[in-house]
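Some notes on the structure that comes next.
None of the values given here were measured: they were computed from a predicted structure. To find a chain, count down the sequence lines: A is the first, B the second, and so on, and within it residues start at 1.
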Amino acid sequence: MKIATWNVNSLKVRLPQVLEWMQANPDVTALCLQETKMDDPVFPHEEISAAGFEVAFAGQKTYNGVAIIARAPIEDVVINLPGFEDPQKRVITATINGVRLVGAYIPNGQDLESDKYQYKLAWLKALLAWLEAQMALFPELALLGDYNIAPEDRDVHDIKKWAGGVLVSPLEREAFQQMQALGLIDAFRLFDQPEKSFSWWDYRGFSFKKNAGLRIDHILMSPRLAARCSACQIDVEPRKHERPSDHTPVIATLD
DNA sequence: ATGGCAGGGCACCCCTGA
């Protein structure tokens, strides 16, 4: 089975591409989506069901919104981070084929002086507590999503351009390292990867063409799940599509 | 140094993203 994550930047616009991608990737058992930007009453669950998939979702108008599309039953769904009051819909946790999946859209933070950055740090702290609790219950767990963190300088096309801003700040990278300290493993770095591998490219300035991107979408795995992981790759194909999301999927293969 | 592009809201200009 494969598990994947994709920030679609509006499911309303990207639904046809998502369904097409699922058909083109029949081994993908579960796909975590971020930035659906759709409130629950207008979520296209009927179209997704009609295409033959299970779906779970938690959305809001205009911003954020997460979902899981799957080829197997989606069980024990939890929305958001229990104990962390948050009107923003950014997390959906569920069990699929016995694997606990945490799909997350970690806040962007805007800039280091912003209240949104403080929110990001508080949010990361709450996520860490949730991960620790879930890992104790589920030995096979993955955190998939748009982390809005480039964990290392090699995950940034031009570190000089991004230094001093969000996505690369020391406190955010520290939060990423704290996840690793819980035992979570970056599936992408388990394997040899091409240099300059990115999952996001700005719409502006021909960034994709120039491969001026960031690796901010990740799949972290518990040790037991990482032991089952035989591949992890970024699928750049959807980024070449007409009207693409600015993010592209990341896929992990589990034996 | 700044804005570039895209999506959504609710109305044409503003907010947010990364």
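Distances shown here put every side-chain N or O of A:R204 at or beyond 4.0 Å from the OP1 or OP2 atom of B:dG17. Taking 4.0 angstrom as the limit, A:N148 places a side-chain polar atom (N or O) nearer than this to OP1 or OP2 of B:dA18. For A:H247 and B:dG17, the shortest distance from a side-chain N or O to OP1 or OP2 is not below 4.0 Å. Using a 4.0 Å cut-off, no side-chain N or O of A:Y203 falls inside it from OP1 or OP2 of B:dG3. For the OP1/OP2 pair of B:dC5 and a distance below 4.0 Å, the side-chain nitrogens and oxygens of A:R243 include no atom meeting the criterion.
Counting only heavy atoms from C-beta on, A:T62 has its side chain closest to B:dG9 among B:dG7, B:dA18, B:dG9. Here the side chain of A:S10 is nearest to one of B:dA18, B:dG9, B:dG8, namely B:dG8. Ranking B:dG8, B:dT16, B:dA18 by closeness to the A:K116 side chain, first place goes to B:dT16.
One finds no salt bridge joining A:R100 and A:E140 here, because no Lys/Arg side-chain nitrogen approaches an Asp/Glu carboxylate oxygen to under 4.0 Å. A salt bridge does not link A:E54 to A:R71: none of the charged side-chain nitrogens sits closer than 4.0 Å to a carboxylate oxygen.
Atom pair A:L15:CG and B:dG8:P shows a separation of 12 Å (rounding to whole Å applied). B:dC15 atom P lies 18 Å from atom CD of A:E35, rounded to whole Å. Rounded to whole Å, atom P of B:dG4 lies 20 Å from atom NZ of A:K209. Rounded to a whole Å, the CG atom of A:L11 is 16 Å from the C1' atom of B:dA6. Nucleotide B:dG7 holds its P atom 6 Å from the CG atom of A:N9, rounded to whole Å. Straight-line distance from the CZ atom of A:F198 to the P atom of B:dA18: 17 Å, rounded to whole Å. Across the protein-nucleic acid pair, A:Y63 atom OH and B:dA18 atom P stand 12 Å apart, rounded to whole Å. Taking atom NZ of residue A:K161 and atom P of nucleotide B:dA1, one finds them 13 Å apart after rounding to whole Å.
Distance noted for atom C1' between B:dA11 and B:dG7: 16 Å (whole Å). Distance noted for atom C1' between B:dT2 and B:dC12: 23 Å (whole Å). For B:dC13 and B:dA1, the P atoms lie 29 Å apart once the distance is rounded to whole Å. Nucleotides B:dT16 and B:dC10 are separated by 16 Å at their C1' atoms, to the nearest Å.
A residue-by-residue look at A:V13 and A:N64 shows that A:V13 has its nearest nucleotide of DNA chain B further toward the 5' end. Sequence order on DNA chain B of the closest nucleotides to A:K37 and A:N7 puts A:K37 first from the 5' end.
Within 4.0 Å (heavy atoms only), A:F208 reaches no atom of the nucleic acid at all. Across all strands, A:V166 comes closer than 4.0 Å to no nucleic acid atom at all (heavy-atom distances). Residue contacts for A:D111: at a heavy-atom cut-off of 4.0 Å it reaches no nucleic acid atom on any strand shown.
Counting non-hydrogen atoms of neighbouring residues, nucleotides and ligands closer than 6.0 angstrom, the CD atom of A:E152 exceeds 12 such neighbours. For A:D255, the CG atom sits in a packed shell: over 12 heavy atoms of surrounding residues, nucleotides or ligands are nearer than 6.0 Å.
No donor-acceptor distance shorter than 3.5 angstrom exists from the side chain of A:K2 to the backbone of A:T253, with no hydrogens or angles considered. Here the side chain of A:R90 pairs no donor or acceptor atom with the backbone of A:G65 at under 3.5 angstrom.
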